[in-house]
Amino acid sequence: MKKVVSVVGARPNFMKVAPIHKAMKRLAPETAHLICHTGQHYDEKMSKVFFVDLELPEPDFYLGVGGGTHATQTAKTMIEFEKIIESERPDLVVVVGDVNSTIACSLVAVKLGVRVMHVEAGLRSGDRTMPEEINRLLTDAIADYLCVSEPSGLENLDREGVAKEKVFHVGNVMIDSLTNYLPMADASNVLDRLGVERGRYVLVTLHRPANVDDPKFLARLSQTLERFARERKVVFPVHPRTRKNMDANGVAFPDSENLLALDPIGYVDFLALTKNAEVVVTDSGGIQEETTKLGVPCVTVRDNTERPVTVTLGTNYLVGTDLAKVEERTLAILGGERKEGRVPELWDGKAAERIVEIIERVV
Ligand code: UD1
């Protein structure tokens with residue numbers, strides 16, 4: 001029996017591997033599909049809840065890598081994943097996204113002569129100070145099969161000289177999960193539980209080191225949240241990195257009953273919150289894509305994006321990290337100013353099927 005191992009490590013990986021796992025079970029039952037969780041994210045609220053929401057089985061392998069510096073996290077993942085590859089000798093390793101687990105496992109597999117497929121290949125922010133950009137560049141340089149989610153990925157790989165035979169425009173697997181779970185999100189009562197009204201609240205998520213590791217940004221953020229809370233309810237599920245840094249720098253949340261600073265939220269409830277938000281303010285990669293699919297305005301607190309189609313075609317505004325500008329844009333949207341978005345090609349809920357077809361052809 002042929003064997004494929006898919007790797008998950010951090011929160012944004014779970015919703016990408018879930019549809020691939022389901023499509024493998026349905027369309028390639030003769031090929032074993034095993035899941036390896038590196039343990040890069042380990043909290044119940046950053047990991048376990050996603051396995052439950054996305055109906056993923058218990059991982060076949062759990063490496064228990066945990067937090068640490070980039071070197072520690074990457075090195076530990078490599079040491080543990082090498083043992084799995086040596087004992088299992090899979091025909092293919094599938095890695096997704098751009099987290100440390102993605103590059104660590106790709107490097108191990110390739111050096112042991114096991115082929116690697118990178119899902120969400122070719123994205124480039126052009127900013128090499130971002131850890132994810134380094135992970136993307138290196139993973140794409142060594143992977144055998146590159147599955148691309150948006151047209152910019154094709155252009156970037158072409159410019160970098162990647163052979164065309166290795167590149168497949170399959171669409172966006174994250175949108176597969178969104179499409180699958182939208183009915184469940186529609187049935188969620190999370191808005192009632194939080195006491196927010198459909199289409200009348202601001203949803204905020206921030207976790208990028210470039211933002212939340214900067215004490216000045218955090219201090220200014222408190223004012224921004226306060227400004228939003230004067231207009232609307234503000235729902236802010238706080239990432240562990242952001243919370244730790246706020247605590248360490250003595251930055252408090254503004255004292256407003258309109259601000260709901262929460263623990264991280266599960267997949268289905270978060271999808272419901274995104275779909276029904278009046279505007280989303282974020283520095284996440286994936287949320288830029290989800291809002292574009294849902295037609296919800298998104299204000300991205302970054303200077304660049306590796307997902308330009310969300311700006312050129314979708315509902316995303318790339319405003320930079322100056323929070324005065326973030327406030328200005330967000331308030332304009334609350335005032336009714338918004339652009340019409342369109343859904344990019346192949347963001348149709350069927351990317352995983354296309355990926356499985358390729359897997360079946362190559363293993
Ligand atoms: C990682 C990814 C990032 C992704 C993000 C989504 C890399 C380089 N970065 O960043 O691309 O957008 O995940 O969340 O891979 N922590 C916990 N509990 C957890 C996980 C983390 O408390 O379950 C703490 C860690 O100890 C650390 C901080 O949160 O102090 C950050 O975690 P880390 O895994 O380093 O990276 P993220 O910022 O989450």
Side-chain angles (χ1 to χ4, degrees), residues 7-17 36-54 59 62-78 80-81 95-107 118-121 123-125 127-139 149 174 177 204-214 217-218 236-249 262-267 270 274 280 282-290 298 300-302 304-307 310:
V7 175
V8 292
R11 184 167 63 174
N13 294 158
F14 306 127
M15 50 294 255
K16 294 170 193 167
V17 166
C36 177
H37 187 337
T38 66
Q40 178 176 343
H41 281 177
Y42 44 86
D43 281 355
E44 172 98 20
K45 291 189 170 103
M46 295 297 282
S47 172
K48 184 85 208 299
V49 63
F50 291 88
F51 271 75
V52 175
D53 272 14
L54 295 159
Y62 185 77
L63 307 184
V65 164
T69 65
H70 284 269
T72 306
Q73 206 169 50
T74 310
K76 272 195 192 165
T77 308
M78 289 182 69
E80 296 307 317
F81 193 61
V95 296
V96 297
D98 55 17
V99 302
N100 287 340
S101 302
T102 310
I103 176 59
C105 295
S106 304
L107 197 48
H118 183 206
V119 172
E120 209 181 81
L123 297 182
R124 298 288 181 267
S125 66
D127 175 2
R128 291 199 180 193
T129 66
M130 263 180 104
E132 293 82 1
E133 182 75 351
I134 304 301
N135 295 341
R136 292 181 199 114
L137 282 161
L138 297 183
T139 303
S149 57
M174 199 162 198
S177 279
V204 180
T205 83
L206 292 164
H207 76 279
R208 292 253 155 244
N211 288 333
V212 304
D213 290 1
D214 174 6
F217 179 91
L218 291 176
F236 183 13
V238 186
H239 188 280
R241 172 186 285 277
T242 310
R243 193 174 290 275
K244 273 189 196 169
N245 289 347
M246 288 183 76
D247 290 349
N249 289 289
L262 313 169
D263 281 342
I265 290 179
Y267 181 74
F270 190 78
T274 306
V280 179
T282 190
D283 60 10
S284 152
I287 295 170
Q288 297 172 55
E289 300 182 331
E290 290 166 334
C298 180
T300 296
V301 188
R302 289 176 46 186
N304 49 58
T305 179
E306 60 288 335
R307 294 158 159 94
T310 61

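Indexing begins at 1, ligand by ligand and atom by atom, following the structure's order.
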So for K45, does at least one of its heavy atoms come nearer than 4.0 angstrom to any atom of ligand 1? no
With a 4.0 Å cut-off on heavy atoms, does S47 reach ligand 1? no
Distance from [atom] to nearest protein heavy atom, with residue and atom:
| atom | value |
| --- | --- |
| atom 38 (O) of ligand 1 | R241 NE, 2.7 Å |
| atom 39 (O) of ligand 1 | H41 NE2, 2.7 Å |
| atom 17 (C) of ligand 1 | Y42 OH, 3.2 Å |
| atom 5 (C) of ligand 1 | H207 NE2, 3.6 Å |
| atom 7 (C) of ligand 1 | Q40 NE2, 3.6 Å |
| atom 2 (C) of ligand 1 | V99 CG1, 3.7 Å |
| atom 18 (N) of ligand 1 | D43 OD2, 2.9 Å |
| atom 11 (O) of ligand 1 | E132 OE2, 2.6 Å |

So, T282 versus T205: side-chain donor-acceptor pair below 3.5 Å or not? yes
Would you say D98 and N135 are linked by a side-chain donor-acceptor pair, where the criterion is simply a distance under 3.5 Å? no
Taking the side chain as every heavy atom from C-beta outward, state whether V52 and Y267 have any pair of such atoms under 4.5 Å apart. no
Output yes when R302 and D127 qualify as a salt bridge under the 4.0 Å nitrogen-oxygen rule, no when they do not. no
Test: R128 and E132 ion pair at under 4.0 Å: no
Does only the side chain of P12 get under 4.0 Å from ligand 1, or the backbone, or both, or neither? Count heavy atoms. side chain
Would you indicate which of T242, N100, D283, T74 comes nearest to atom 8 (C) of ligand 1 when only heavy atoms are counted? N100
So, for F14 and H41, is the gap between ring centers shorter than 6.0 Å? no
In chain order, what residues pass the salt bridge (charged side-chain N to carboxylate O under 4.0 Å, His left out) check against R307, with sequence neighbours excluded? E120, E289
Which ligand 1 atoms are under 4.0 Å away from a heavy-atom of [X]?
| X | result |
| --- | --- |
| M46 | 14 (O), 19 (C), 23 (O) |
| H70 | 8 (C) |
| H239 | 14 (O), 37 (P), 38 (O), 39 (O) |

For Y42, the ring pair (Phe, Tyr, Trp, His ring centres under 6.0 Å) test, sequence neighbours excluded, returns none
Could you tell me whether some N/O pair between K244 and ligand 1 is separated by less than 3.5 angstrom? yes
Using 30° and 60° as the class limits, which term best fits the ring planes of H207 and H239: parallel, tilted or perpendicular? parallel
Tell me, with the steps shown, if T72 and T69 meet side chain to side chain donor-acceptor pair (under 3.5 Å). CA-CA 5 Å; T72 306; T69 65; 2.7 Å; yes
